[in-house]
Structures are given as structure tokens and as C-alpha cells.
Amino acid sequence: MRAPDPRAPGLLFTLCLVLLAALVSCSGGGSGPDTTLRVLASDELTDMKPLLDQLTKDTGVRLDMDYEPTNDAGDTLLTGRHSYDLAWLSSDRYFRLKAKRAAAGTHPATVVQSTSIMRSPVVVGLTPDVARQLRDKTPGGRLSWADIADAAATGTLRFGMADPRHSNSGLAALVGVATAAAGTGSALRPTDVSCDRLRGFRSGQTLTAESSRALLDVFAARPGRTNALITYESELLTLNASGRLKQPLQIVHPADGMILSDYPLLLLDPARRAAYDRVVSWLTATGHQRDIMRRTLRRPVGTAVPRDPRLAAPLDNALYFPDDPAVLDRLLADYGDPRRRAADQVIFLLDFSTSMRGARTTALRAAFASLSGADSSATAKFVRFYQGERLTVVRFGGRPLAERTVTVRGPADLTTLADFVAGGGYDDATAVWSALDHGYGIAERTLSEDPGRTVSLVLMTDGENNAGIDRAAFAGRYRARPADVRAVHTYPVHFGEADAAELRAVAALTGGRMVDAAAPDSSLSTAFKEIRGCS
């Protein structure tokens with residue numbers, strides 16, 4: 001019989017350690033990762049870092065995160081020139097919509113699989129005094145995007161919002177406002193997007209940044225500059241809990257709907273599916289969903305996790321994101337650069353020939369009153385005269401009769417304008433083309449003094465031209481003007497017995513369009529609302 005080897009216990013112990021290490025490695029519970037995935041992520045996901053460290057310990061998968069503003073990340077994926085295994089965006093709608101119409105020769109990233117990880121709607125945070133002021137004026141106190149746009153137009157609301165060209169939160173807010181303004185309740189179509197319905201809202205933006213995270217930092221660092229923030233619910237709640245504000249913001253979930261972000265994790269490289277599945281399984285497990293909610297104040301995707309009381313507001317009025325890339329193009333073009341001054345000038349050329357006496361002048365006064373805030377309908381709140389807008393009114397007959405320009409700073413300016421429109425001074429003749437030529441003269445002087453200003457003309461007449469120059473002479477003078485002046489559009493309003501064909505011709509010449517206020521289902525007020533301020 002062989003004597004026992006004294007080294008056997010030690011060898012056995014060593015073998016057990018090796019086997020145990022192998023088992024731990026296979027289960028993904030080792031001290032170091034066995035897989036690293038490169039991830040292109042929205043920059044607001046930096047708050048997930050502590051949880052991702054734990055994910056690595058538990059699964060053996062390390063996420064190597066590169067952060068960009070969401071829409072910029074989408075643009076990176078659209079190029080197809082990247083080496084990412086996954087993308088983790090606040091929303092992939094921008095990327096998917098743009099990929100539908102990718103330029104020839106490009107190869108947008110292909111999404112193999114997508115899983116929603118958490119949710120947060122884009123909402124409005126108001127300082128307590130402004131929240132109280134707006135709610136006091138709203139039946140039931142439940143505010144809408146229409147109320148927000150109206151308050152921005154009057155100067156009551158000065159808001160911060162991330163740049164919609166770069167940030168999903170800014171773009172989602174813009175979609176929310178435009179959808180509410182369209183009033184259809186469905187996904188926006190290109191015909192639903194009208195620049196005049198965004199101008200009043202845009203005039204209230206006094207703060208921006210490329211990303212929502214940067215926006216919060218600027219807002220907290222400059223108290224008093226703004227009294228509202230438009231961004232994710234989760235970020236407003238986090239800011240309120242941070243102690244960085246003197247008073248927490250009151251969060252408004254707009255009654256006319258919100259765009260919801262679902263933070264999808266996208267698998268781009270099919271060879272990485274096994275590791276992707278481990279990450280998804282970990283992130284969507286009930287305990288980790290609870291941890292995500294506690295740390296980030298985003299809503300869990302499942303119903304098994306009891307909600308934080310601060311997340312009790314229902315999300316039953318989510319809005320549809322557009323399904324047509326042309327809608328995004330129009331929205332972003334109309335809204336423009338939020339760092340650029342938004343004030344425009346509208347030149348109204350108003351026919352005050354004798355045929356306008358009586359009911360027609362009454363309708364004209366009503367139209368201006370409506371644009372000044374007398375109309376409290378949801379649609380009117382998006383298209384009213386707004387802070388900083390310059391308005392020029394020219395009354396004409398056989399020649400220009402009188403002219404007045406105001407820059408809207410408050411109710412007194414709008415009263416001045418209304419009084420001017422209400423004033424008398426009629427003429428027996430109607431010089432439509434001379435009046436329009438006069439309007440382009442005003443536009444040329446304006447652009448010479450302020451080349452960055454956006455100018456448009458609204459021509460309202462109820463009769464045919466019977467004085468001054470004819471349309472051919474006007475066209476010749478128009479074509480001789482500088483290029484920036486020829487870029488000023490005219491929006492004729494057909495009213496009464498005016499020659500519709502002539503008005504359509506001038507709209508076509510200048511790049512505008514005619515609106516028929518003489519139609520049975522229209523009016524001067526609705527016509528002005530439809531085209532005022534577009535360019």
C-alpha cells in the first residue's frame with residue numbers, strides 16, 4: 001500500500017481554486033470583465049455610471065461609453081463610419097427617421113435589435129410664481145402647450161430649452177408644441193407645420209445649450225435669467241432634489257400631450273448578441289429597474305416596480321412622433337438657431353378704399369384684436385403678436401395714406417396698433433401695386449439697416465387695382481431690387497371682390513401664397529392667423 005502524498009491536500013485545494021475561478025468567469029461574476037462593448041450613448045446617460053460599474057461586476061460585460069447629444073449621435077450612426085457595438089440613446093426616432101432618407105452612397109448603421117430600458121417624458125418646469133400666475137388664468141389649472149406658447153409670446157415666460165438640432169429633449173418639445181398647434185391629434189404631416197405657429201413660442205426662449213445636461217448646469221448657474229425649463233421629467237426632478245435651486249420648479253405635464261423617450265439599447269453588431277442579451281437581462285431585471293428609478297428618476301419599463309411618488313403623474317396623453325423626415329426638416333428650419341434673435345418684422349398693407357367702410361373695417365379691427373390676444377382659443381395662442389416682433393401697418397387707397405410701426409413690448413404697443421387700424425381716412429381709389437411697391441421699399445430700408453432680420457409682407461385688399469402702377473410695372477421694380485429684398489415673401493389675403501388671379505400671381509412671383517378670406521368657411525381673422533409671419 002502506497003503512503004499518502006503529503007502534498008495531496010495542497011494540490012487538491014489548488015485544483016479547487018482553479019475550478020472555482022473558471023466557474024466564476026463563466027458566470028460573469030469575476031472581478032474583471034470578460035467582454036467589452038463600445039457604446040455610443042446620449043450624454044444624459046452619464047448618470048448611469050455607478051449602475052454600469054455594478055453591471056460589469058455582475059455580468060462580466062463592460063460598456064465603454066462614448067457620449068454625444070442624442071441627435072448628434074444619430075448623425076454619427078447615419079454616416080455608417082463607426083466601430084460601435086451598441087447605441088444607447090434617449091430616443092432613436094430621429095436616427096430611424098433620417099435613415100429612411102439617407103443619401104445615396106451612405107450606409108447608416110443597421111439596428112439588429114432594440115430594447116427599451118426606461119422612460120421619461122419631455123415636460124415643463126416652472127418657477128413657483130410663474131406657475132401660480134399661469135394656473136390662475138387657466139380653467140382647472142391644468143396647463144397646455146398652447147398656454148406655454150401664449151405665455152412665451154407675451155413675455156411672461158422666459159424658458160430654457162436644449163437646441164433641437166442637437167438634443168432629443170429640444171426636438172421632442174418642438175414636436176409637442178407643433179402637434180398641439182396643428183390641433184389634429186395625430187402625427188404631424190408636412191402641411192401641419194407652419195412657421196407662424198412657432199414664432200411666438202420661440203420668442204420666449206432665453207437660454208439654450210447643445211444638450212439637456214449642459215442646459216441644467218447653465219440654468220442653475222444663472223438664476224433669474226429664465227423662469228422655466230423644458231426638458232425631461234427625470235432631469236427636472238433630479239435638479240429639484242440637488243439643492244442647487246432656491247425653490248424647486250413645479251413640473252407641468254402639458255394637457256395637450258407629451259413626447260415620451262424610452263432610452264432604447266440598440267444592438268448594431270450581430271456578433272455581440274450574447275453579451276447584449278446579458279446586459280439587457282441585467283438592466284430590465286426588477287431589482288435593477290428599481291435601482292435605475294431611484295438613481296435617475298426615470299420611469300421603469302415594467303409594471304412590477306412600485307413608482308416613486310414623484311413619478312405618479314399619468315402619461316396617458318403621449319403624442320405621436322412624426323413618421324415623415326420632411327416634418328423634421330421643416331420644424332428645424334422654421335425654428336432655426338435658438339441662439340439667434342428671433343424677432344421678425346411683418347408689414348401689413350391694408351386696403352382703406354371706401355368699399356372697406358362699415359362691416360369690412362369692423363372685420364379688419366377684429367382681426368388685429370384677435371392677434372393681440374382677444375381670441376383665447378388654443379389655435380390663436382400659437383399665432384398671436386409676440387414680444388420683440390416689429391409690426392408696420394400701412395393704410396392705402398389710391399396711394400399710401402398713413403403708416404405706423406411698433407415693436408411689441410407690452411399691451412400699450414398693441415393698443416397703439418389697434419387704434420391706428422381703427423382710425424378713419426378712406427380713399428376712393430385702390431392702388432394695390434403701388435402699395436405693394438411701397439411695402440418693398442420699407443423692407444429694403446429695414447434689411448439695409450438690419451440684414452439679419454426676417455421680413456414678410458401681408459397684403460389685404462377687397463377691390464381691383466384702379467390707380468397707380470399696374471402689376472407688370474410692380475414686377476419690373478421688384479426684380480430690380482437687391483436679392484435679399486426679393487427673398488421677402490408676400491402673402492396676399494383675398495377679401496371681397498379682389499381679383500384672386502392677380503393676387504395668386506404676385507404670391508407666386510414673390511414666393512408667398514394667397515389665402516382666401518372670402519371663402520364661406522374663412523374670415524379675415526383666420527386668414528391673418530394662417531399666414532402672418534411666415535417666411
Would you mind reporting whether [Y] and [X] have side-chain heavy atoms less than 4.5 Å apart?
X    : Y    : value
L198 : L331 : yes
L249 : T127 : yes
N168 : S261 : yes
I230 : V122 : yes
T392 : V346 : no

Between [X] and [Y], which heavy-atom pair has the shortest distance, and what is it?
X    : Y    : answer
L236 : L229 : CD2-CB, 3.8 Å
V455 : V488 : O-CG1, 3.5 Å
I259 : A172 : CG1-O, 3.5 Å
T208 : A162 : OG1-C, 3.8 Å
S203 : Q387 : CB-O, 3.8 Å
L414 : S372 : CD1-O, 3.7 Å

### Task
Output yes when D43 and R213 qualify as a salt bridge under the 4.0 Å nitrogen-oxygen rule, no when they do not.
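Salt bridge: no.
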### Message
Quick test of your reading of the model: are K98 and D329 salt-bridged, counting only N-O distances below 4.0 Å?
### Response
yes
Enumerate the salt bridge (Lys or Arg N to Asp or Glu O under 4.0 Å) contacts for [range], please, sequence neighbours excluded, ordered by first and then second residue.
range            : result
residues 128-139 : none
residues 242-251 : D217-R244
residues 162-176 : D163-R165, D163-R339, R165-D337

Taking the side chain from [X] and the backbone from [Y], do they hold a donor-acceptor pair closer than 3.5 Å?
X    : Y    : value
S144 : A146 : yes
S90  : Y263 : no
E235 : Y232 : no
H489 : T510 : yes

### Sequence neighbours excluded - ring-ring contact (aromatic ring centres under 6.0 Å, His included) pairs with any residue from residues 114-164
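Listed by first then second residue: F159-F201.
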### Task
Apply side-chain contact (heavy atoms from CB on, under 4.5 Å) to the pair T286 and Q289, showing each step before the final yes or no.
CA-CA 5 Å; T286 299; Q289 285 278 292; 5.7 Å; no
### Query
side-chain contact (heavy atoms from CB on, under 4.5 Å) between V175 and F321: does it pass, once the steps are laid out?
CA-CA 7 Å; V175 169; F321 200 82; 4.0 Å; yes
### Task
Identify, with sequence neighbours excluded, every residue that meets side-chain hydrogen bond (donor to acceptor under 3.5 Å, both in side chains) alongside D47.
R298
### Message
Restricting to salt bridge (Lys or Arg N to Asp or Glu O under 4.0 Å), what partner residues turn up for R299, sequence neighbours left out?
### Response
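For R299 the salt bridge (Lys or Arg N to Asp or Glu O under 4.0 Å) partners, ignoring immediate neighbours, are E233.
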